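Notes follow the structure.
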Amino acid sequence: MTAMNKIDFKDLLKNEIEKKLKGNRRYFSREDLRDLIPKGRSGTLNRYLVNFNKEGILYSAGRGWYSFVKQSFKLDRQPVKKIVSELEKKYPLLSFSVWSTEQLKSFAHHMLARFVTFVYVDRDAMSGVYDFLKDSGYDVWLNPRGNDARKFSIAEKTVVIRPAISREPSSGHFADIEKILGDLFVEVAALNLMDEDEYYRILGNVLTAGRVDIGALLNYARRRRVKTEEFIERIKSI
């Protein structure tokens, strides 16, 4: 293979990505490049994708995923800082993660009037955390399922305590956006927080506002036993 052939293939791939993908979507997977790669050239794909990343043509969006969105998504932690601080002070050695629907309020089509905070903690610690937050003035629900979930309603300072999920995307005690999006999909059905269309509007607005690690989101969603086929279709249509 001559140097010119290498340059020709790189330029061809770059042009095909910009022509067939960039104008139609913000995220794509490595699988989407199959039809753009001549037979026998797939071995050099990773190297070229790394080069394109350095050149600012596209950006990594997690394992096997890429995006044309330059800036990483910035998550507002302010709505959960108080409860995180309270839990850290009470349980300095406790492993937990927290997020709130208030962190997503600017991405919803319908303005959210009230918000619910989720605390994920080891099962052995759930009852203790429940009692502490209840005594601290929160409206606390301990892992509502079945009839309790059907009775669920959002009041002031509502908190739902759930068992921790292994390898959940989080930074310290703050849930990352990939965890929030995966958890919210589950809670939409479990607690009837909103309809599915509203969830996908939030997903689309978040993915447009900043680059999300799609690989981490999908891996976490699968651990939560979410069928990711529609996830993937929605992501590729954004």
Side-chain angles (χ1 to χ4, degrees), residues 73 75-105 107-108 112-196 198-199 202-203 206 212-213 216-228 231:
F73 183 83
L75 182 63
D76 180 14
R77 293 181 174 179
Q78 190 60 42
V80 294
K81 281 186 175 180
K82 182 175 184 292
I83 191 171
V84 166
S85 178
E86 290 173 331
L87 288 170
E88 287 176 337
K89 185 176 181 180
K90 177 65 176 179
Y91 303 104
L93 301 180
L94 183 65
S95 177
F96 66 91
S97 64
V98 179
W99 65 272
S100 171
T101 54
E102 187 174 359
Q103 294 175 274
L104 301 172
K105 65 181 180 180
F107 304 103
L112 301 176
R114 291 185 173 182
F115 310 106
V116 54
T117 297
F118 291 86
V119 176
Y120 292 79
V121 65
D122 289 343
R123 287 186 180 274
D124 292 345
M126 288 171 63
S127 295
V129 171
Y130 171 87
D131 291 337
F132 168 69
L133 292 177
K134 194 76 173 176
D135 292 342
S136 301
Y138 289 92
D139 170 46
V140 194
W141 295 73
L142 181 58
N143 199 25
R145 305 287 187 191
N147 288 333
D148 286 340
R150 286 187 284 273
K151 296 175 184 176
F152 176 78
S153 62
I154 301 176
E156 295 295 328
K157 299 177 68 174
T158 296
V159 175
V160 171
I161 299 176
R162 295 292 198 197
I165 310 296
S166 65
R167 303 190 307 279
E168 54 190 15
S170 60
S171 300
H173 294 136
F174 296 91
D176 293 339
I177 188 60
E178 293 81 11
K179 171 176 168 58
I180 294 175
L181 292 173
D183 289 338
L184 180 61
F185 184 85
V186 174
E187 298 298 350
V188 162
L191 298 178
N192 195 29
L193 295 182
M194 61 188 69
D195 61 38
E196 194 172 281
E198 180 68 1
Y199 170 82
I202 290 174
L203 176 68
V206 167
V212 170
D213 188 324
L217 169 60
L218 294 176
N219 285 340
Y220 181 67
R222 292 184 186 108
R223 288 203 301 281
R224 299 233 53 189
R225 299 182 181 179
V226 172
K227 294 181 180 179
T228 56
F231 255 64

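For clarity, every value in this text was computed on a predicted model and none was experimentally measured. Each residue takes its place number in the sequence, starting with 1.
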If we count only N and O atoms by modelled type, under 3.5 Å, do the side chains of S136 and E86 hold a donor and an acceptor together?
no
Compare every heavy atom of [Y] with every heavy atom of [X], then report the nearest pair and how far apart it is.
X    : Y    : result
A221 : T228 : CB-CG2, 4.0 Å
A108 : E198 : CB-OE2, 3.3 Å
A190 : R162 : CB-NH2, 4.1 Å

Supply the atom-to-atom distance [X] [atom1] to [Y] [atom2], rounded to the nearest 0.5 angstrom.
X    : Y    : atom1 : atom2 : answer
I165 : R225 : CD1   : CZ    : 9.5 Å
E168 : E178 : CD    : CD    : 12.5 Å
D148 : W141 : CG    : CH2   : 7.0 Å

Is the number of heavy atoms from other residues, nucleotides or ligands under 6.0 Å of K90 NZ greater than 12?
no
Going through the distances and angles, do D183 and R224 end up as a side-chain contact (heavy atoms from CB on, under 4.5 Å)?
CA-CA 8 Å; D183 289 338; R224 299 233 53 189; 2.9 Å; yes
Is there a side-chain contact between V206 and L75 (heavy atoms, below 4.5 Å)?
no
Does the side chain of K105 reach to within under 4.5 Å of the side chain of P79, using non-hydrogen atoms?
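No, their side chains stay 4.5 Å or more apart.
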If we check side-chain contact (heavy atoms from CB on, under 4.5 Å) with I161, which of these qualifies: T117, V121, N143?
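For I161, the side-chain contact (heavy atoms from CB on, under 4.5 Å) check succeeds only for V121.
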Please name the residue in the list Y220, W99, Y199 that meets the side-chain contact (heavy atoms from CB on, under 4.5 Å) test with L181.
Y199
For F118, does the six-membered ring have the charged nitrogen or CZ of K179 within the cation-pi criterion, i.e. under 6.0 angstrom from the centroid and within 45° of the normal?
no
Can you tell me how the ring of H173 sits relative to the ring of F96, calling it parallel under 30°, perpendicular over 60° and tilted otherwise?
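It falls in the parallel class, under 30°.
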Output all residues satisfying ring-ring contact (aromatic ring centres under 6.0 Å, His included) with Y130, sequence neighbours left out; order by chain, then residue number.
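Listed in chain order: nothing, the list is empty.
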